[in-house]
Asks: 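Supplied in structure tokens, the structure appears directly below.
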Amino acid sequence: MSDTQVNIELDCRGLNCPLPILKTKKAIDNLNSGETLKMVATDPGSTNDMNAWTKRTGNELVSHEQDGNDYIFIIRKK
Amino acid sequence: MSDSGTKKMALIASRGTLDWAYPPFILASTAVAMDMEVQIFFTFYGLALLKKKLDAKVSPASNPSMPMKMPFGPKALQNFDMPIPNILAGNVPGFEGMATTLMKKTFKNKGVATVEQLRDICVESGVKLVGCQMTMDVFGFSKDDFIDGVELGGAATFLEFAAESDIQLFV
């Protein structure tokens, strides 16, 4: 994950469903194809939600990991 | 099923209380974020969710499974469910206002968007909002009572979109 260059970061800590998804969508819209977004959430449902969202929208979930209470996602725009 | 490849979702919003205002706006805003096309048909008490100034409230009366949680104070107190007898919930003046305030405060503490925020996102992202003309007549609503962009229609309008949709839900 450390070798993935991140174009923008989005902090969704403390936010609950569906805000992390809605903010991620908005942030991805501002990227060019191939650029990456790092999103950090504390909502335990976000792992399933991000999997579903990337599957549906065709964006790539490059990686996701948990660090304490933080769920960290790297998404590449399709 | 839609032919174009774009998934579609058709919702009926039939309730106007604060708790039931959430499901249609959460699902609609998320569906659009997932590249779906969404139409919500507002009928009966759901029409109140289209009013320019949202004043949705929640009542624990006749809502026996609703937990009342304190939004502040020690964790143990916050996690304690206060059982509210109907005689209290239904008869004490101001109780509904208190329940509404508690729910809004708790939602805010938990990082949940307000209904107004979610509705704004739906409008901005192109969710089609349709008011049921018949129930508007019955309950005395006019189009001017509603936010801009609301279209009017009846059962046929909903069914035409629902017939092409991949998801249809009655809320």
Side-chain angles (χ1 to χ4, degrees), chain A residues 7-62 64 66-78, chain B residues 1-2 4-9 11 13 18-38 40 49 67 69 71-72 75 78-79 103-127 165-167 169 171:
Chain A
N7 295 94
I8 44 169
E9 295 195 17
L10 178 64
D11 185 358
C12 291
R13 279 178 283 211
L15 299 180
N16 220 321
C17 169
L19 284 174
I21 290 286
L22 301 183
K23 286 180 180 287
T24 298
K25 157 75 175 165
K26 214 166 190 174
I28 280 279
D29 282 347
N30 290 325
L31 289 180
N32 297 313
S33 180
E35 290 185 325
T36 51
L37 163 76
K38 177 182 176 182
M39 193 276 273
V40 184
T42 46
D43 169 16
S46 58
T47 303
N48 278 335
D49 282 351
M50 287 311 299
N51 267 310
W53 182 78
T54 49
K55 189 178 160 205
R56 174 58 45 201
T57 57
N59 297 296
E60 182 193 352
L61 185 55
V62 179
H64 62 99
Q66 191 177 351
D67 179 15
N69 291 327
D70 288 352
Y71 298 83
I72 303 158
F73 304 91
I74 306 284
I75 301 138
R76 181 177 289 116
K77 182 167 178 169
K78 71 169 172 187
Chain B
M1 295 283 285
S2 53
S4 60
T6 302
K7 297 281 183 187
K8 293 186 183 179
M9 180 170 77
L11 300 179
L18 178 64
D19 45 352
W20 285 99
Y22 271 97
F25 289 130
I26 287 176
L27 289 171
S29 57
T30 305
V32 171
M34 295 173 90
D35 298 333
M36 300 184 197
E37 192 184 328
V38 183
I40 314 176
L49 303 180
K69 304 233 186 197
F72 41 76
K75 206 85 189 159
Q78 287 194 35
N79 287 333
M103 180 173 270
K104 283 186 175 173
K105 181 87 181 137
T106 305
F107 275 34
K108 189 169 182 232
N109 289 351
K110 301 287 182 188
V112 179
T114 63
V115 172
E116 286 86 347
Q117 280 175 317
L118 291 169
R119 186 176 75 169
D120 287 348
I121 292 169
C122 286
V123 170
E124 285 163 19
S125 58
V127 172
S165 294
D166 303 274
I167 304 165
L169 294 172
V171 181

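Side-chain atoms are counted along with the backbone in the values below, which use heavy atoms only and exclude waters and symmetry mates. Lettering of chains follows the sequences in order, A, B, ..., and the numbering in each one begins at 1.
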Asks: Is any side-chain heavy atom of Lys25(A) closer than 4.5 Å to a side-chain heavy atom of Met34(B)?
Replies: no
Asks: Please look at Leu19(A) and chain B and tell me whether the side chain, the backbone, both or neither of the residue comes under 4.5 angstrom of a heavy atom of that chain.
Replies: side chain
Asks: How long is the span from the CG atom in Asp35(B) to the CG atom in Asn59(A), to the nearest 0.5 Å?
Replies: 8.0 Å
Asks: Judged by atom type as modelled, is there a donor-acceptor pair below 3.5 Å linking the side chain of Trp53(A) to the main-chain atoms of Thr30(B)?
Replies: no
Asks: Contact between Pro18(A) and Leu118(B) at the side-chain level, heavy atoms closer than 4.5 Å - yes or no?
Replies: yes
Asks: For residues Ile21(A) and Ala33(B), report the shortest heavy-atom separation together with the two atoms involved.
Replies: CG2-CB, 4.2 Å
Asks: Please check if the side chain of Asn16(A) supplies one atom and the backbone of Lys110(B) the other of a donor-acceptor pair under 3.5 Å.
Replies: yes
Asks: Among residues 27-36 of chain A, which residues come closer than 4.5 Å to chain B, judged by heavy atom distances?
Replies: none
